[in-house]
Amino acid sequence: MPGGSVLSDITGQLHAGPALWRTFHEICDLGPRFSGTPSEAAMADYLERYLRGAGLADVRRWEFGYTGWRCTRCELSHPGAPPGWEFRLMPLVYSAATPPGGVELETADLGRGTAEDFRRAGHAVPGRAAIVDAEYSFSVNSLHRRRKFLPAVERGAAAFLLVNARPGRFPVTGSTSATGSPIPAVGLSREDGMLLRRLGGKVHLDVRVETAPARAANLIASLPGRGGGRKVVLSAHYDGHDCGESALDNATGCAAALEIARHLAARRGRFANDLEVHFYTAEEWGLQGSRAYVNALSEQEVAGIALNLNLDVVAGSSKFTFLCNGFADLADWVRGALADEPARWEVSEWVANNSDHANYVARGVPAVRILAGLDENESNCGFHLSPADTSDKVRRADLTAAAGAAARVLLKALEAEGPVARTRTKGEAERLMPHYGFAPPPVE
Ligand SMILES: [Zn+2]
């Protein structure tokens with residue numbers, strides 16, 4: 001089998017060579033790559049240089065417009081806090097500002113913050129700062145932040161205070177919604193949140209933000225196949241949140257995608273299908289970079305995509321999952337592709353509307369996300385979306401294993417003469433994404 005030698009060549013280099021681990025750290029050293037900052041621009045330059053240097057074809061920037069946002073002040077205080085206590089906050093992306101000088105708000109403890117919690121709290125919500133728990137992002141039993149934020153807004157909360165699930169006195173962050181937030185929304189440390197819950201009463205919240213029309217660029221590169229085939233899209237988002245190194249999320253996925261692409265670059269014209277490597281930005285702002293790109297594709301272009309393989313938080317635990325988003329035939333195909341792979345992987349048919357692959361799924365394209373730490377609530381993956389998302393949370397062997405498995409599935413897709421899974425109709429695709437976060441696969 002011709003693919004066998006290519007694969008052993010690539011996995012051999014991923015395992016034995018220093019490049020994957022070095023690339024991962026080079027990306028971390030650029031800073032957290034928050035959209036609209038010099039760190040994001042430096043990463044775009046890094047990607048362009050890297051892809052050109054690797055010899056990939058047609059390296060280009062795919063520009064799009066979005067609403068830029070930055071926070072210039074984010075402070076909270078409570079008169080009952082112990083002397084010297086420092087609240088450690090981070091704004092959620094697109095948080096609204098408070099009135100100048102800040103605002104005094106009564107707090108309301110909504111516990112987990114489900115829609116039912118908000119309904120039950122009734123009149124205790126309007127005009128108050130709702131305190132809710134953040135949950136481990138990568139569990140099928142967790143409730144996504146947005147499914148707490150939206151009820152808070154709907155029920156008239158004046159502010160949204162999200163409490164980190166992890167102890168350690170560092171805040172959690174995330175986004176509010178891609179269309180913006182009508183209320184101030186901030187993440188708190190576990191300890192700050194528990195203190196506010198115990199004290200009750202009023203907080204003083206001061207959030208200042210600036211918004212302006214902005215532009216950003218996805219980075220794209222190609223590896224043409226023999227001609228007449230379909231397209232396989234390997235993707236990873238290169239932006240992060242404005243803290244730590246955004247190492248787990250998503251220097252891991254970027255480093256793996258770059259190294260796989262580099263090893264394949266010399267094989268131009270060799271595979272049945274064409275490869276495109278996409279690095280999206282503003283993913284942390286509600287998947288905006290990939291949405292702009294995927295929504296601009298014609299029906300014909302969509303039909304020509306065999307697979308999107310999306311790498312996002314691929315290390316941080318020794319176990320990683322191929323999330324197949326309700327495509328049962330795709331899950332079977334992935335299981336087949338991984339038959340000879342060392343057993344660190346799992347295949348899940350759950351639908352996960354939580355990274356760029358979701359925009360492909362929404363148009364019916366077979367799409368897989370590789371994700372580490374699924375349902376391992378205590379894994380290091382839980383440090384993402386926080387200042388503790390730093391390179392020490394990633395083990396080299398875990399990143400290497402995930403990159404090797406990704407290369408195996410990618411090669412299989414590049415060599416596939418027919419479809420790897422059926423492209424879904426518009427109606428089927430719409431039913432796949434009922435809400436944010438995880439959903440069980442629909443019955444086909
Ligand atoms: Zn991510």
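In each ligand, atom 1 is the first atom listed, and ligand 1 is the first ligand listed. FYI, the numbering just counts along the sequence from 1.
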### Query
For atom CZ of R267, is the number of surrounding heavy atoms from other residues, nucleotides or ligands below 6.0 Å larger than 12?
yes

### Task
Could you tell me how the ring of Y50 sits relative to the ring of Y46: parallel (under 30°), tilted (30 to 60°) or perpendicular (over 60°)?
tilted

### Query
So, for Y238 and F279, is the gap between ring centers shorter than 6.0 Å?
no

### Task
With sequence neighbours excluded, give me every ring-ring contact (aromatic ring centres under 6.0 Å, His included) pair touching residues 282-309.
F34-W285, W62-Y293, Y66-W285, Y94-W285, H278-Y293

### Query
Which count of protein N, O or S atoms is obtained for distances strictly below 2.8 Å from the Zn ion (ligand 1)?
4

### Query
With sequence neighbours excluded, what pairs up with H144 under the ring-ring contact (aromatic ring centres under 6.0 Å, His included) test?
Y436

### Set of ring-ring contact (aromatic ring centres under 6.0 Å, His included) partners for W21, sequence neighbours left out
F24, H25

